[in-house]
Amino acid sequence: MKKRFLTGLLTVVMSTALVVMQPVSVYAAPSPISKEIFVDPVTYYKVDTNQFSKSQVDFYRDMLTTHRNQWPSPKQKWNKIAGAILRQKNNLKDGDSGRLNSAISAMSGTGHILDDDGSSNTDHCSTIPFQEAGSLQQMEKDLLSGLNYSGSVIDMCGLFKDGESLNSGPVFYQGGMSWENDGKAYMVVAVLFSDFKVTPILPDADPAKGNFVETTVSDVTSEGGELNSQLINRAADRTLDASQTIGKDSVVTIRTEVTGSKEYSISETLTVGAEYGFTGAFKGSVEVSVGASQVFHKSLTEGQDTSKTFHTDNTISAGLPPFTGGMLKQVYGTQQVETTYNCPVALTYRVRVLQYRAGYEKNAKKLLDAQSYERADFGKDNGGDARKDLYNRAVINKNNNVDPDGIHWNNMPESILTANRIYERAATEVPMASTPATFIATLKTTSGELKGIAPLYPLKYVRLENKALNELELKTGENYRVDLIELEGLAENEERVKGPYYGFDKSFGKWILTDKNHKELTDESVATLTKNDRTGAVTLKAVSEGMVYLEYLIDENRYSTFTDGSKYATNKSLKEFPSIEVKITSAPVTAEKDADQNEAGNNGQEQSASTPDQNQQTTPSPAVDQVQSENTTPPVVLEKTDTVDKKLKKTSLSKLKAGKKSITITWKKNDEKGIKGYEIQYSTDGKFKKDTKTVTINKNKTTSKTIKKLEPKKKYYVRIRSFKKSDGEKIYSRWSSKKSIKVK
């Protein structure tokens, strides 16, 4: 569900964070990744495998056995390194022969680099192929199964006998064996791969570069904790500014998840600076950013997390309109945030070099002794990343002779040292595969709104905004758009001070035709009043000479008060309501032209004022008919009608701030679908009939505008409306309630 915060006159949401990992059912398809990504000194090269979400064992095998161009695979490189370590540990030099040297050569498979002993008894050696076991104990059992009395050998020299080794899989291994001429094996060497983890690689969180997919935020779900403050504004001409603060301790708990893997780390992610990539989804939330930073500085497996406690003060502010009451409300809630990345993943693992020996009595009748050695362990103490461990030991510190396993990297057999920088390549070349990584959070939020706004005092007055409309004169056949007449509703306090009635809307009422005694007319011989149900237009049509009255009635189920929501204003309780006297007179008679004059041409004579000029282009009529009057009273002329959709959500003014010869206007963003912008009107006339200027804002995201070059010390009125576009035409909402302020 997309982000939808609580709505009202004012909504403010401030996030503290509590992050919890949850399974995700749908993931975006991964974007293509480059064949290689180089982040000094590491080269990540692409492995084409579709096993990641299907089989972890097959995925690990693909990652270990895939070549980068023509170079050896990770498995082959580690086999060669293991062979060099075994030679050094057993004091074997280039050119030495013997069964151990043959077993070491057999361990590497082809052995063409390690096998420099041309005279070795290769017929007595065999390779233990690269294979998988479910645990360390199972690996050791399989590895030593070729030895006679293997059960006794394992009992005497097995390295992996504890309970943890029984549930440590999967593991991969490869080895070599050498035996006596009579077929009684006595020597086994092996390289072991275990503790597999995948780690997301996020070089950049820029959406344009293809890594970042989207962040989806759910609706706020209330947990029942809230704070309410009742507000009353008895002033008739100013807005009441109010605020409310909640102080709260919040715990930030953060986890990461990589699709398709039960175990994962962030070892490679840190190398390429991707802690920014994950926290980039939470810009503006210091708490989440700090907490995420903690996560990205420790290696995680499934079920682990990191937490930190923050104290936050969340404040909401609101402006309460004149003559109204309301409630400031803050609610504790939760939101789930899911961030998905189309990023590749790399593989980290631990590597151990093993050696076993079994000695037998002549003719292999009795096991005399058995020995085992863990000659080297890479990744034991640094989060299980053998590659990084190798880089630190064999590249950075190779001349320091402080290796934890006592390996002298600067004194290896010559054939290994010259093998195309095998240490550097194993330490700086990392296989990677495409797969989405996901970061999911549940945020603790405090959301606030000004709710329940209602007028303090009953509706008492409904007035025409244009006082000149109290009388109207039409000719028979003319039409007048009644729905365009602007009205205002007023309330009155105990001291009979008048102020705006909050929430008055002229659409909550109707116009009727009456006689002079306010009795509704049923006879349509003088005038008719019709409504277009599709457009909402209400039209008065003059039918014949006479006098009628146009009166407005409110909907008696609409207007109540903050203090008594069950009591509504009625038409009888109004002290004033609109009543317009409509006088209808006959249209002028058009004189007929004399046929003889027409034939004679009479071009020199002036045409009658009542005869239309046949050569004159007819000016298109505006959307409403203009009313012609011969009286001294100025004619009522309505401007071209804007298209107004009454169902379109109105935009509310939030605040006016006075400056030197300027006003800064702030409003709440209209989040209705399709809104393209706003139209602001400002005027020194509260009716917006004169000295009125209009400003158009063509961006829906804009929520403030500063108007400059105004007259100092003058009071200005402001209102706003939003608009959509349809076939190039603007469709407007109704105007907001007006606000006023005095310029400095």
Side-chain angles (χ1 to χ4, degrees), residues 21 23-24 26-39 42-68 73-75 170 172 193-205 209-214 255-281 292 295-296 298-304 338-351 379 382-388 428-440:
M21 291 313 306
V24 178
V26 180
Y27 296 91
S31 299
I33 61 174
S34 302
K35 279 190 128 180
E36 293 188 353
I37 297 175
F38 178 71
V39 182
V42 182
T43 298
Y44 299 92
Y45 62 92
K46 184 177 180 181
V47 174
D48 290 320
T49 176
N50 61 358
Q51 302 295 339
F52 183 72
S53 59
K54 299 178 182 178
S55 167
Q56 290 187 51
V57 171
D58 291 339
F59 175 73
Y60 299 154
R61 180 182 287 107
D62 287 348
M63 297 289 271
L64 288 173
T65 58
T66 300
H67 298 259
R68 177 196 172 209
S73 67
K75 171 189 71 91
F172 286 88
F193 302 87
S194 64
D195 300 278
F196 295 98
K197 295 182 178 70
V198 293
T199 176
I201 302 173
L202 297 168
D204 201 314
K209 298 184 179 179
N211 271 330
F212 175 75
V213 178
E214 65 176 349
R255 297 188 184 187
T256 58
E257 178 179 282
V258 180
T259 313
S261 177
K262 291 184 178 178
E263 293 188 338
Y264 50 92
S265 74
I266 44 129
S267 171
E268 303 301 327
T269 301
L270 283 176
T271 300
V272 294
E275 61 269 41
Y276 170 77
F278 272 130
T279 60
V295 170
F296 291 118
K298 63 181 288 190
S299 186
L300 296 180
T301 59
E302 189 177 39
Q304 292 180 317
E338 176 184 325
T339 304
T340 304
Y341 294 84
N342 277 347
C343 68
V345 295
L347 186 66
T348 65
Y349 45 86
R350 184 176 174 183
V351 176
N382 69 338
D385 193 338
R387 179 194 69 77
K388 287 190 173 182
T428 59
E429 295 181 349
V430 181
M432 66 177 179
S434 298
T435 185
T438 302
F439 185 84
I440 304 177

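Given the structure is predicted, the values throughout are model-derived calculations rather than measurements.
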Nearest heavy-atom contact between V47 and P431 is CG2-CB, 3.6 Å
The side chain to side chain donor-acceptor pair (under 3.5 Å) partners of D58 (sequence neighbours excluded) come to S55, R61
What one should report as the nearest heavy-atom pair of F193 and K75 is CZ-CA, 4.0 Å
Quick one, T348 with K388, criterion side-chain contact (heavy atoms from CB on, under 4.5 Å). Give me CA distance, side-chain angles, the key distance, then yes/no. CA-CA 9 Å; T348 65; K388 287 190 173 182; over 6 Å; no
When rounded to the nearest 0.5 Å, the distance separating NZ of K197 from CG of L347 is 10.5 Å
Hits for side chain to side chain donor-acceptor pair (under 3.5 Å) against T49, two or more places apart or cross-chain, chain-then-number order -> D62
Report the C-alpha distance between F196 and F172 in whole Å, list the side-chain angles of each, state the deciding distance to 0.1 Å, and finish with yes or no for side-chain contact (heavy atoms from CB on, under 4.5 Å). CA-CA 10 Å; F196 295 98; F172 286 88; 3.6 Å; yes
Check your understanding: Does Y349 reach the side chain of D385, with side-chain heavy atoms less than 4.5 Å apart?
Key -> no
Residues at least two apart in sequence or cross-chain that pass salt bridge (Lys or Arg N to Asp or Glu O under 4.0 Å) with R68, listed by chain then number, are E36, E429
Tightest non-hydrogen contact, residues Y45 and T66, listed as OH-O, 3.4 Å
- Task: For side-chain contact (heavy atoms from CB on, under 4.5 Å), just list the numbers for Y44 and V345, CA-CA rounded to whole Å, side-chain angles, deciding distance to a tenth of an Å, and then say yes or no.
- Result: CA-CA 10 Å; Y44 299 92; V345 295; over 6 Å; no
For P74 and M63 the tightest heavy-atom approach is CG-O, 3.7 Å
Closest heavy-atom pair, A346 versus V430, reported as atoms and distance to 0.1 Å, is CB-CG1, 3.7 Å
Residues at least two apart in sequence or cross-chain that pass side-chain contact (heavy atoms from CB on, under 4.5 Å) with P170, listed by chain then number, are V57, Y60, E132
